[in-house]
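Structure first, commentary second.
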Amino acid sequence: MKQNNRVLIISDLHMPYQHPQAIDFLSKLKKKYKFTRVFSIGDLVDLASVQVERPSDPEVESPTFEIGKATKEIRKLEKIFPEMDILKGNHDLRIERKAERFGIPRSILKDLNDIFDIKAKWRWHDKYILTLPSNQKVFLTHNYKQNVLSSSKELGCSLITGHFHTSANVSWWSSPSALNFAMSTGCLINPKAPAMKYQKLFIKRPILSVGMLIEGTPIIQPMYLNDEGKWNGKV
């Protein structure tokens with residue numbers, strides 16, 4: 001499993017509302033670590049204009065404009081990562097969920113590669129089980145439960161999740177037969193974007209970071225920001 005020696009795990013870009021320097025950050029990480037495998041584990045796109053349970057925000061652009069902007073940002077990501085495995089997050093599924101609400105079958109919908117005109121070799125999954133060089137199994141999913149450590153113990157294996165923007169950590173737990181970890185990756189959103197204004201009054205702030213598995217060891221790599229919210233250029 002040499003392919004899984006150096007794995008990058010991205011979550012919650014929420015394109016086109018990612019941090020303005022998120023692509024540069026990912027590009028620099030790629031140059032430094034020379035990843036052999038890349039995962040995006042959910043909420044690649046935001047689709048703020050496609051609400052399911054509540055009316056659309058009048059201050060957010062229409063789906064046509066939002067999808068157009070997201071497509072342009074995806075083009076930049078395709079150049080850095082021409083091959084990637086992607087897990088579907090709750091925002092990625094908004095079009096399907098809204099169609100279901102109005103009785104429209106999934107079979108007549110475009111898939112996300114078509115909607116965003118994705119030309120790279122990006123493979124979509126609902127969930128994924130990754131085998132590390134040590135033969136340890138790691139379960140990847142966008143969201144399971146907020147307490148990632150207890151979720152990992154419940155599943156009986158190592159676990160990596162995203163979804164919770166204010167959580168970025170690695171915890172360890174052991175059993176008589178294995179040493180396992182639970183990772184929450186953080187996010188790469190732009191907290192100042194109009195689509196993120198619902199987080200404005202949250203006490204906890206988003207943690208901009210990604211996860212990595214370097215020779216099987218889980219690592220959180222923060223995107224260090226200055227007082228103005230700009231990346232300091234270091235990894």
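Keep in mind that the numbers below use all heavy atoms, side chains included, and drop hydrogens, waters and symmetry copies.
Side-chain contact between Asp43 and Leu13 is absent, with no heavy atoms from C-beta onward closer than 4.5 Å. Leu188 is not listed as a side-chain neighbour of Asp12, based on a closest heavy-atom distance of 4.5 Å or more. Side-chain atoms of Val210 and Ile9, non-hydrogen and from C-beta on, never get closer than 4.5 Å to each other. Side chains of Leu29 and Phe35 form a contact here, defined as non-hydrogen atoms less than 4.5 Å apart. Residues Phe81 and Leu26 meet the side-chain proximity criterion, which asks for heavy atoms closer than 4.5 Å. Tyr144 is listed as a side-chain neighbour of Leu155, based on a closest heavy-atom distance under 4.5 Å.
The number of heavy-atom neighbours closer than 6.0 Å to NZ of Lys69, taken from other residues, nucleotides and ligands shown, is 12 or below. Other residues, nucleotides and ligands contribute over 12 non-hydrogen atoms within 6.0 Å of the CD atom of Glu100.
Under a 4.0 Å N-O distance rule, the pair Arg75/Glu78 qualifies as a salt bridge. With respect to Asp92 and Arg94, no salt bridge is recorded, no charged nitrogen being found less than 4.0 Å from a carboxylate O. A salt bridge links Glu154 to Lys145: at least one charged side-chain nitrogen sits closer than 4.0 Å to a carboxylate oxygen.
Counting only N and O atoms by type, the side chains of Trp231 and Asp24 include no donor and acceptor under 3.5 Å apart. Side-chain contact of Thr141 with Asn143: a donor-acceptor pair under 3.5 Å is absent, judged by distance alone. Side-chain contact of Lys137 with Ser158: a donor-acceptor pair under 3.5 Å is absent, judged by distance alone. In this model, a donor atom of one side chain and an acceptor atom of the other lie less than 3.5 Å apart for Glu66 and Ser49.
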Note to self: Before you tell me yes or no, could you show the steps for His14 and Tyr17 under ring pair (Phe, Tyr, Trp, His ring centres under 6.0 Å), namely the whole-Å CA-CA distance, both residues' side-chain angles and the distance that decides it to 0.1 Å?
What the structure shows: CA-CA 5 Å; His14 287 263; Tyr17 307 117; 8.6 Å; no
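A side chain to side chain contact (heavy atoms under 4.5 Å, CB included) with Ser11 is found for one member of Thr185, Ile160, Leu87, Leu140 and no other, namely Thr185.
Aromatic ring orientation, Tyr128 versus His125: perpendicular (interplanar angle above 60°, classes split at 30° and 60°).
For an aromatic pair to be called close, the ring centres must be under 6.0 Å apart, and His163 with His91 fails this.
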